[in-house]
Engineer: 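Before I ask anything, let me first share the structure, which is written out below as structure tokens.
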Amino acid sequence: MASAVTVEIGADGIAVASMDLPGRPMNVVGDALMSGIGQATDALADATVKGLILTSSKADFCAGGDLDAISQWTRPEQAFDVTMAMKAVLRRLETQGKPVVAAINGHALGGGLEIALACHARFVIDDPKLRIGQPEVKLGLLPGGGGTVRLSRLLGIQQTLKIIGEGNDLTPREAKAMGLVTDLAADRAELLAKARAWIAASPKAQQPWDAPKFRFPGGDSRSPAALQLLAIAPSIASARSWGNYPAVQHIMSAVFEGGLLDFDAACEVESRYFAACAMSQQSRNLIAAMWYQLNAVRKGASRPAGIAASKVGKLGILGAGMMGSGIAYVSARAGIDVVLLDTTRDAAERGKAHAQALLDKAVAKGRVSSKARDGVLSRIAPTTRYEDLAGCELVIEAVFEDRAVKADVTKRAEAVIPAQALLASNTSTLPITNLARASVRPANFLGLHFFSPVGKMPLVEIIVGAQTSDEALARGFDFVLQIGKTPIVVNDSRGFYTSRVFATYVMEGIAMLAEGVHPRSIEVAGLQAGMPMPPLALQDEVSLSLALHVVEQTRKDMAVEGQTYREHPAIAVIRKLCEIGRVGKKAGKGFYDWPGESSGEKRLWPGLAQYWPPAAQQPEQRELIDRLRFAQANEAARCYEEGVVRSVADANVGSILGWGFAPFQGGALQFINAMGVRRFVERSRELAERFGARFAPATIVVRQAEAGSAFAD
């Protein structure tokens with residue numbers, strides 16, 4: 001088998017070691033790569049070799065750890081031994097007595113950055129799309145190759161906790177500004193030239209932490225500044241994570257203890273905490289959902305096979321409001337020409353101004369150049385003329401959630417767009433099959449449900465109507481990937497998948513209020529359950545009046561269809577608040593009093609106690625948390641059972657990226673798997689007995705409990 005690292009020694013005596021892991025699209029840290037780096041280090045024993053440049057023959061430098069290997073570990077000793085072996089190689093690399101430079105030509109993430117940190121200098125191509133960082137915490141892990149040890153000695157404890165604890169990527173310029181990289185280069189040629197020059201000028205290079213008089217930047221864990229930071233950091237982390245992410249606590253412990261120890265002892269402590277993370281259920285859940293299932297979704301597991309890939313060159317958007325302008329922004333950033341249509345020129349121009357405001361912020365942060373911003377804006381054409389939609393391959397309507405309004409704009413758009421063009425609705429609740437009745441081409445009609453704010457939310461829910469063709473689905477899927485979003489595919493149903501399950505979360509919280517549960521306890525339970533926002537505040541954000549409108553529309557539709565509408569106990573609360581004008585954040589008042597543009601924070605409305613006084617006996621917090629989680633998980637199971645959501649991967653990924661279902665649980669269906677199907681059924685029945693039939697376990701889960709099976713694609 002070919003070596004993972006090839007070494008070429010130039011006439012100047014500098015060795016260039018290129019990482020190129022065979023059989024993998026990216027370099028990942030594992031036995032093969034570390035063995036190759038160890039062999040490259042051996043080349044420095046030659047007296048004629050002056051130094052070594054470590055780079056990559058692939059598009060990226062190194063993507064991080066080998067998750068395929070990590071997911072197979074069953075004992076903490078395996079995690080400990082593998083990371084200690086990696087550290088032994090990197091320690092030898094940085095202490096062999098000659099300069100080593102990392103020439104970073106692409107992403108350097110996780111273990112990739114740890115390899116670069118073991119080099120004496122780091123040069124990076126100045127590409128704003130290139131990313132550097134330690135994102136392990138997002139998979140329930142911490143750096144296991146010396147990242148906590150080297151970063152804290154290079155940048156100081158505070159900066160290290162921020163980089164590793166938050167797991168956010170850095171651009172090359174951000175990394176240089178904080179001292180993480182030595183310098184930037186315009187291209188690969190300059191990258192190697194600067195690396196060679198640095199080696200020539202630094203024949204006795206040494207890591208700062210190996211110098212006799214080394215001191216931690218800002219002080220080690222004994223310093224007053226570090227003690228003050230570490231005294232409050234755990235409480236801040238707990239307030240954000242509610243103890244649901246043990247990796248966060250392990251990161252703080254590794255950095256703190258490492259700041260009291262010598263380098264080698266600190267490395268051993270890090271490996272012990274890494275092993276604890278790797279064996280945790282939270283990490284297993286996150287890796288399963290946010291690596292394996294997410295990659296399967298993005299690679300097209302739900303896309304119809306045998307249909308050629310497509311791209312959209314010209315896109316029409318009907319409605320320049322919050323959603324329409326957001327879709328225009330992300331599409332123009334992806335290089336698509338956008339026609340942004342609204343009823344007035346001012347409204348259309350405001351939609352474009354929204355995109356400019358987002359781009360101006362990106363320019364200010366150095367993530368987008370002024371030239372790139374202007375290029376994006378030039379691709380958005382505001383208009384009031386339907387004739388300007390001519391030539392669009394796709395038109396997305398993002399108008400008000402009213403069937404008649406949507407039908408009108410559909411007919412007007414179809415009168416001018418090509419016969420083969422797709423028309424999509426951004427509706428979040430109205431059945432696509434019904435909306436498609438206004439179309440003369442229902443085979444080319446589908447739902448593309450974006451989430452707000454569009455620029456930040458990564459998911460798009462593709463809804464397949466009764467007559468939507470496989471070709472239309474494939475083209476819609478390709479468009480979602482084209483604009484950098486993650487697509488999940490669901491079949492048509494009232495509320496589809498994400499809106500239907502999301503509603504159970506906020507509705508359960510509101511039902512608790514009606515029962516006399518203290519509103520503060522409800523909100524805290526939502527955060528403790530792992531949700532990004534508490535239920536009452538979230539309903540205010542979404543709007544109570546919109547929720548009531550959807551309910552009334554659903555009631556009418558079901559009556560026409562001969563179905564019986566069963567009102568959720570939360571609806572009476574929403575109706576009462578709407579009657580007294582408390583319709584949500586947009587009005588400045590709902591469950592909360594919202595400060596608007598003025599200073600101050602939102603506060604729960606004291607008047608809630610007048611209408612729904614807290615009961616003298618309050619329930620245990622664990623019960624509230626269970627109700628919020630089980631309501632969602634059971635509804636997700638029903639969606640899978642009914643064929644609304646087509647795969648376990650789509651269900652889990654959609655729940656995390658769509659409405660923020662506790663990521664550490666691995667998704668709504670994985671929550672059931674991890675708890676144990678039998679235990680889930682038992683607890684569901686307990687809740688159903690106390691709070692109503694909505695908690696009765698889905699039939700599919702009962703059958704799984706009887707058969708000893710679980711959710712799996």
Side-chain angles (χ1 to χ4, degrees), residues 76 79 134-144 148 157 160-168 229-258 269-270 272-290 505 508-509 512 517-538 618-633 652 655-656 659-668 670-676 679-680 683:
Q134 302 279 187
E136 290 91 341
V137 69
K138 294 181 179 180
L139 292 178
L141 299 170
L142 57 76
T148 67
I157 288 174
T160 296
L161 288 174
K162 180 177 177 62
I163 292 172
I164 299 177
E166 295 179 1
N168 296 325
L229 170 67
L230 292 165
I232 62 172
S235 59
I236 293 173
S238 179
R240 291 179 179 176
S241 69
W242 294 94
N244 290 322
Y245 295 87
V248 175
Q249 281 73 35
H250 292 330
I251 287 167
M252 289 188 290
S253 295
V255 171
F256 169 69
E257 293 176 33
V269 165
E270 179 191 84
R272 294 188 184 280
Y273 281 114
F274 177 85
C277 288
M279 292 297 106
S280 70
Q281 184 64 52
Q282 291 88 344
S283 181
R284 294 183 185 280
N285 289 342
L286 285 163
I287 290 173
M290 302 312 293
Y505 170 62
E508 198 59 36
M512 293 175 186
V517 179
H518 195 289
R520 175 55 58 196
S521 296
I522 297 168
E523 299 297 77
V524 170
L527 298 174
Q528 288 175 316
M531 301 298 290
M533 285 189 68
L536 304 182
L538 191 51
Q618 290 290 307
E620 291 184 1
Q621 205 69 7
R622 170 50 55 189
E623 181 177 275
L624 304 183
I625 295 169
D626 279 357
R627 287 177 64 178
L628 294 173
R629 287 177 177 167
F630 275 68
Q632 297 176 75
N652 284 331
S655 68
I656 294 172
W659 72 88
F661 182 85
F664 68 94
Q665 299 285 3
Q670 175 58 22
F671 169 68
I672 299 174
N673 285 349
M675 169 173 280
R679 184 178 163 206
F680 181 87
R683 182 58 173 151

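In this chain, residues are counted from 1 in sequence order. All values below come from the heavy atoms of this structure, side chains included, with hydrogens, waters and symmetry mates left out.
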Engineer: Provide the closest heavy-atom pair for Gly526 versus Pro535 in the form atom of the first, atom of the second, distance.
Structural biologist: CA-CD, 4.1 Å
Engineer: When rounded to the nearest 0.5 angstrom, what is the spacing between CD1 in Ile672 and CZ in Arg629?
Structural biologist: 13.0 Å
Engineer: Any side-chain heavy atom of Tyr245 sitting closer than 4.5 Å to one from Pro663?
Structural biologist: yes
Engineer: Give me the atom names and distance for the closest heavy-atom approach of Leu161 to Leu229.
Structural biologist: CD1-CD2, 3.9 Å
Engineer: Distance check, rounded to the nearest 0.5 Å: Phe671 atom CZ versus Phe680 atom CZ?
Structural biologist: 6.0 Å
Engineer: Any heavy-atom pair between the side chains of Arg627 and Met512 that's under 4.5 Å?
Structural biologist: yes
Engineer: So, taking the atom named CD in Gln249 and the one named CG in Leu142, what distance separates them when rounded to the nearest 0.5 Å?
Structural biologist: 11.5 Å
Engineer: Enter the distance from Ile656:CD1 to Asn285:CG here, rounded to the nearest 0.5 Å.
Structural biologist: 8.5 Å
Engineer: Looking only at heavy atoms, what is the nearest atom pair of Pro619 and Val517, with distance?
Structural biologist: CG-CG2, 4.0 Å
Engineer: Should Asn652 and Met290 be marked as a side chain to side chain contact (heavy atoms under 4.5 Å, CB included) after you check the CA-CA gap, both sets of side-chain angles, and the distance that decides it?
Structural biologist: CA-CA 9 Å; Asn652 284 331; Met290 302 312 293; over 6 Å; no
Engineer: Could you report the tightest heavy-atom contact between Ala289 and Gly666, atom names first, then the distance?
Structural biologist: CB-O, 3.4 Å
Engineer: Taking atom CG of Leu286 and atom CD of Gln665, what is their separation to the nearest 0.5 Å?
Structural biologist: 9.5 Å
Engineer: Would you say the side chain of Val137 lies within less than 4.5 Å of the side chain of Ile164, judging by non-hydrogen atoms?
Structural biologist: no
Engineer: Taking all heavy atoms of Pro532 and all of Gly660, pick out the closest pair and write down the distance.
Structural biologist: CD-O, 3.1 Å
Engineer: Within the side chain of Ser655, is there an N or O that forms a donor-acceptor pair under 3.5 Å with the backbone of Ala668?
Structural biologist: yes
Engineer: Main chain of His518, side chain of Gln618: is a donor-acceptor contact present, judged purely on distance under 3.5 Å?
Structural biologist: yes
Engineer: Tell me if a side-chain donor or acceptor on Glu270 pairs with a main-chain N or O of Thr148 at a distance below 3.5 Å.
Structural biologist: yes
Engineer: Checking Glu136 against Phe274 for the side chain to side chain contact (heavy atoms under 4.5 Å, CB included) test, could you report, in this order, the C-alpha distance in whole Å, the side-chain angles of both residues, the deciding distance, and whether it holds?
Structural biologist: CA-CA 10 Å; Glu136 290 91 341; Phe274 177 85; 5.8 Å; no
Engineer: Between Glu523 and Ala537 (side chain of the first, backbone of the second, donor and acceptor by atom type, cut-off under 3.5 Å), is there such a pair?
Structural biologist: yes
Engineer: Between atom CE of Met531 and atom CD of Gln632, what is the distance when rounded to the nearest 0.5 Å?
Structural biologist: 4.0 Å
Engineer: Between Tyr505 and Leu538, is the side chain to side chain contact (heavy atoms under 4.5 Å, CB included) condition met? List the steps.
Structural biologist: CA-CA 10 Å; Tyr505 170 62; Leu538 191 51; 3.9 Å; yes
Engineer: Quick one: closest heavy-atom pair of Pro534 and Leu527, and the distance?
Structural biologist: CD-CD2, 3.9 Å
Engineer: I want to check something: taking the side chain as every heavy atom from C-beta on, are Val524 and Trp242 in contact at a cut-off of under 4.5 Å?
Structural biologist: yes
Engineer: Kindly indicate, with the supporting measurements, whether the criterion side chain to side chain contact (heavy atoms under 4.5 Å, CB included) is fulfilled by Ile625 and Arg622.
Structural biologist: CA-CA 5 Å; Ile625 295 169; Arg622 170 50 55 189; 3.6 Å; yes
